[in-house]
Engineer: 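This is the structure, below, for whatever I ask next.
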Amino acid sequence: MFHQLEVERGMSSYPFHEIEKKWQQYWDEHHTFATPDDFSKPKYYVLDMFPYPSGAGLHIGHPEGYTATDIIARYKRMKGFNVLHPMGWDAFGLPTERYSMTTGIHPATATAANVMNFTRQLKMLGFGYDWSRQVNTTYPQYYKWTQWMFLLLYNSWYDEKEQRARYIDELSIPADVSDVEAYKDEHRLAFIAMIPVNWCEELGTVLANEEVDEWKEKGYSVERRPMRQWMLRITKYAQRLLDDLELVDWVASTKEMQKNWIGKSEGAEVQFPILGTEDTVRVFTTRPDTIFGATYLVLAPEHPFVKDIVTAEFADAVKEYQDKAAVKSDLERTELAKEKTGVFTGGFALNPATGEPIPVWIADYVLAHYGTGAIMAVPAHDERDHEFARQFNLPITEVIESPHDVYEQAFTGKDSPCVNSSNAEVSIDGLAYNEAFKTIVGWLKEKGIGHRTINYKLRDWLFARQRYWGEPIPIMFFEDGTKRALDIDELPLELPEVEDFKPAGTGESALATVEAWVNFIDKKTGKRARMETNTMPQWAGSCWYYLRFLDPHNDAAFCDPAKEKYWMGTNADSGGVDLYVGGTEHAVLHLLYARFWHKVLFDYGYVSTKEPFTKLFHQGMILGEDGRKMSKSLGNVINPDDVVQDYGADALRLYEMFLGPLEATKPWSGKGIEGVSRFLNRAWRLVMTEHKTLSPDVVDIPLTPEQNRTLHQTIKKVGEDIETMSFNTSVAQMMMFVNEFTAAEKKPREAMEKFVLCLAPFAPHIAEELWQVLGHTTSVALASFPEYDENALVQNEVEIILQVNSKIRAKAMVGVTASEGEMEAIALANPEIQKHIDGKSIKKKIIVQGKLVNFIVG
RNA sequence: GCGUGGGUGGCGAAAUCGGCAGACGCACAGGACUUAAAAUCCUGAGGGGUGUAAACUCCGUGUGGGUUCAAGUCCCACCCCACGCACCA
């Protein structure tokens, strides 16, 4: 179909359709971007966050980050680097599986079609990927190694002393342990736990977090129900994940987000004996200095001790409250809850500092999964406890000298001294936070009822989904209750074929309906076995794909060690992917998970660097022309296929770079791309005739000094701007170049050639064509980026500003070497300046060489 | 509430170390070419005021204050917007 706009533009535009196709074909045929493992050259590894190949195809936002990395890859190649710039597919996941459930089309088939479409679009945009290194997380050859890494985690424990992962066989088993396997399981980095999931009774399915709202809106009920889950012990790495942020060059906000997510907080754990039982409740607090003001305890409704503490009188109320809490979502428990709720258990604990009995409550403002799931409440000095105490008339005792009545409002300051805080053994009265903390924790420790501790918000990673379309977990369970991890020669454990991709209805995935999967004889042991029916979450494959690109076809290892050392570098503290570009939506989870796996691999020497990604950059979002987020319902979606059809790939690439700073969120403009398209046309006409031959105006003549300066300024600016990722200003500089040389009657060949080299990383198709017509027979992508000549930038004369009382009154050209005296003389001789200083006395002179002269008169 | 960015013409945006605010592009206006249009090329332009004009002059980078010969840039206080976290003891 012929596009309306193209008919209108037909004659006036350079033939981008023709040349873009031509050069894309050329690059394919000549393997221009194949990356050799040539260890003699310096390397540069630039990586895009690989996409999920959705049915919708490429979004207009995709080419933004991809163009940026493509420019850098092409530039670095022209600068003599061996550049690795790969692409692949993060193809396991829910949308494809859901599509398969409704259509019956196998997710692998749907994925293949989507990958084909994405590949077509990426090639259409002229990205110089080494397609021979393409990876797909859903291919058994790939997920073999995802499973291998899972087993590495499974077969590991974390040695706190050495601060690293070690093989589980090296775990020393205490003499009094009878069940050795159970003891090992408790220490593995991949382990099974009972963890609440989103269970929907009507659907008979576990829902992913992102599905919960959707189904609730449709009127289905979703309940938190504990189920058997695989977990990864990422919390063991919390401190290293926090510390090593120092090693990487990432945007401050992303580092900050990771820090907050890890959420380190230093405090103390204290034991409170429960009256009438042998139990003690452990609480975590960052304010042990306020322990004398702890007037009650609160347990999370899910706390396991609740059933032991509750008295018969309060049993019904407590049960009712627990049941209600179970069906509340996290959102309902936090954001929407304006008033605090809770119930008294009837039980009492002993405040070890005051020796007083204090009531034990349960309330959902205490989170089961943070700290110990229990708190000591100090209503005088904590806002949440204060609110709760007022609500339920619990005592409020001031133990930090406060500037106001703590009955009216909690005082949370740390600078005031403690009061009412002494017993027969210890006193912290008069001490401020730091000293009080030390003293009271010292006392608690001496008594054996408390110690200093560090808590993290970070939780262990729930590493299981009750779904079909994911990596199978390579563990089998035997009838006798034992289990066995697969050996490497048994990998990959491939997904079996199923009739129906829907979950089994029992809370298990469709794998549970495959007889051969859940009821078979294990060849190695001869025992009747059942394979794990959970699959891995979508994050799994993306945890290590950057390593697979280094050696994508290796069947003996996830990556050859020599290749790993070359591409990632051998300096543990500063190596890794040189540049990683992707959206902020992955600022926390993907990047944290990948760092975690990388550190485990590092502990075993499989990788050489502590961190996977040296430098990280987030491209901003492109909004619709109306300034709102693009969405089908708003009808403001721009489709890359249409834009390429109308203006060509080079124009789209260049426009997305010219739009503004790469990291900024900015709206699309249909008019804006026309301006960039005009620029490409002007560049074309600089070199080409209407008959696609070299313009007779391009001749071998020397450049004028002004032209020479513009040329070298352009080379300098474009090169520097690429290094700092300021692509918008490099495009502006190239526009200035074209404007200046369009005005020139004759176009010096040297200037044209060097300009084409500058343009090549940005608009590679038109650059190839111009390069060819300028007489070259090899690809411009393989040419060298020009060097700029510092001498050419030097100007003989500079314009300085002449000021009187800091107001600009005149300008003057002076020799670049003019002394302060000469500048002053020129200023004084200027009639405008004379006019303004006439009749007044010069009180002060400010002269900045090459910049300005300023007379202060009065 | 906390954290992190950011606020510059009609619009997207530039502006090394504090030194001509608004580069480059869009939109706009005028002109050339054309029978006409499109395309292309050239020119103009932050806002206000005085002036036939040349020109002159005042104001101007979210708001208020400060430092400085000089502030978009540095300091203090505040307002607004975006993103992230959000009862984390």
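Convention: sequence-line order gives letters A, B, ...; per-chain numbering from 1.
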Engineer: Just verifying a value: how many Å separate Ile833(A) CD1 and Gln803(A) CD, rounded to the nearest 0.5 Å?
Structural biologist: 8.5 Å
Engineer: Please determine if Arg595(A) forms a cation-pi arrangement with Trp250(A), meaning its NZ or CZ atom is less than 6.0 Å from the six-membered ring centre and no more than 45° off the ring axis.
Structural biologist: yes
Engineer: Each nucleotide in nucleotides 13-28 of chain B should get exactly one letter: B, S or -. Can you fill that in based on protein heavy atoms under 4.0 Å?
Structural biologist: SS----BBS-BBSSS-
Engineer: Output the distance between atom CZ (Phe762(A)) and atom CZ (Arg653(A)), rounded to the nearest 0.5 Å.
Structural biologist: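 Rounded to the nearest 0.5 Å, the CZ-CZ separation comes out at 9.5 Å.
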Engineer: Between Tyr365(A) and Phe388(A), is the ring centre distance below 6.0 Å?
Structural biologist: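 Centroid distance Tyr365(A)-Phe388(A): below 6.0 Å, so yes.
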Engineer: Is any side-chain N or O of Lys843(A) under 3.5 Å from a base N or O of C69(B), one able to act as donor and the other as acceptor?
Structural biologist: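 Answer is no: no donor-acceptor pair is held.
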Engineer: Test your reading of the model: is there a side-chain donor-acceptor pair from Ser402(A) to the backbone of Ile400(A), 3.5 Å cut-off?
Structural biologist: yes
Engineer: Would you please confirm or rule out a distance under 4.0 Å between OP1 or OP2 of A89(B) and any side-chain N or O of Ser265(A)?
Structural biologist: yes
Engineer: In whole angstrom, give me the gap between the P atoms of C80(B) and G64(B).
Structural biologist: 16 Å
Engineer: Could you check if a side-chain atom of Leu591(A) sits within less than 4.5 angstrom of a side-chain atom of Leu616(A), using non-hydrogen atoms only?
Structural biologist: yes
Engineer: When rounded to the nearest 0.5 angstrom, what is the spacing between CG in Leu662(A) and CG in Asn728(A)?
Structural biologist: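 CG of Asn728(A) is found 9.0 Å from CG of Leu662(A).
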Engineer: Should we count NZ of Lys629(A) as having more than 12 external heavy atoms under 6.0 Å?
Structural biologist: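 12 or below, so no.
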Engineer: OP1, OP2 of G84(B) versus side-chain N and O of His586(A): anything below 4.0 Å?
Structural biologist: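 Result: no.
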Engineer: Can you tell me how far the CD atom of Glu302(A) sits from the CD atom of Gln322(A), to the nearest 0.5 Å?
Structural biologist: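 Reported to 0.5 Å precision, the distance equals 8.0 Å.
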Engineer: When rounded to the nearest 0.5 angstrom, what is the spacing between OG1 in Thr345(A) and CG in Leu299(A)?
Structural biologist: 7.0 Å
Engineer: Measure all distances between protein nitrogen or oxygen atoms and nitrogen or oxygen atoms of nucleotides 47-50 of chain B, and list the pairs falling under 3.5 Å.
Structural biologist:
none

Engineer: If you look at every strand shown and take non-hydrogen atoms under 4.0 Å, does Val378(A) touch a base, only sugar-phosphate, or nothing?
Structural biologist: nothing
Engineer: Looking at G3(B), C85(B), A89(B), which one has an atom nearest to any side-chain atom of Glu256(A)?
Structural biologist: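 Among G3(B), C85(B), A89(B), the one nearest the side chain of Glu256(A) is G3(B).
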Engineer: Parallel under 30°, tilted from 30 to 60°, perpendicular over 60°: which one fits the rings of Phe755(A) and Phe679(A)?
Structural biologist: perpendicular
Engineer: How does RNA chain B look in dot-bracket form if you count Watson-Crick and G-U pairs under 3.5 Å, write [ ] for pairs that cross, and put | where a base pairs with another strand?
Structural biologist: (((((((..(((......[....))).(((((.......))))).(((((....)))))..(((((..]....))))))))))))....
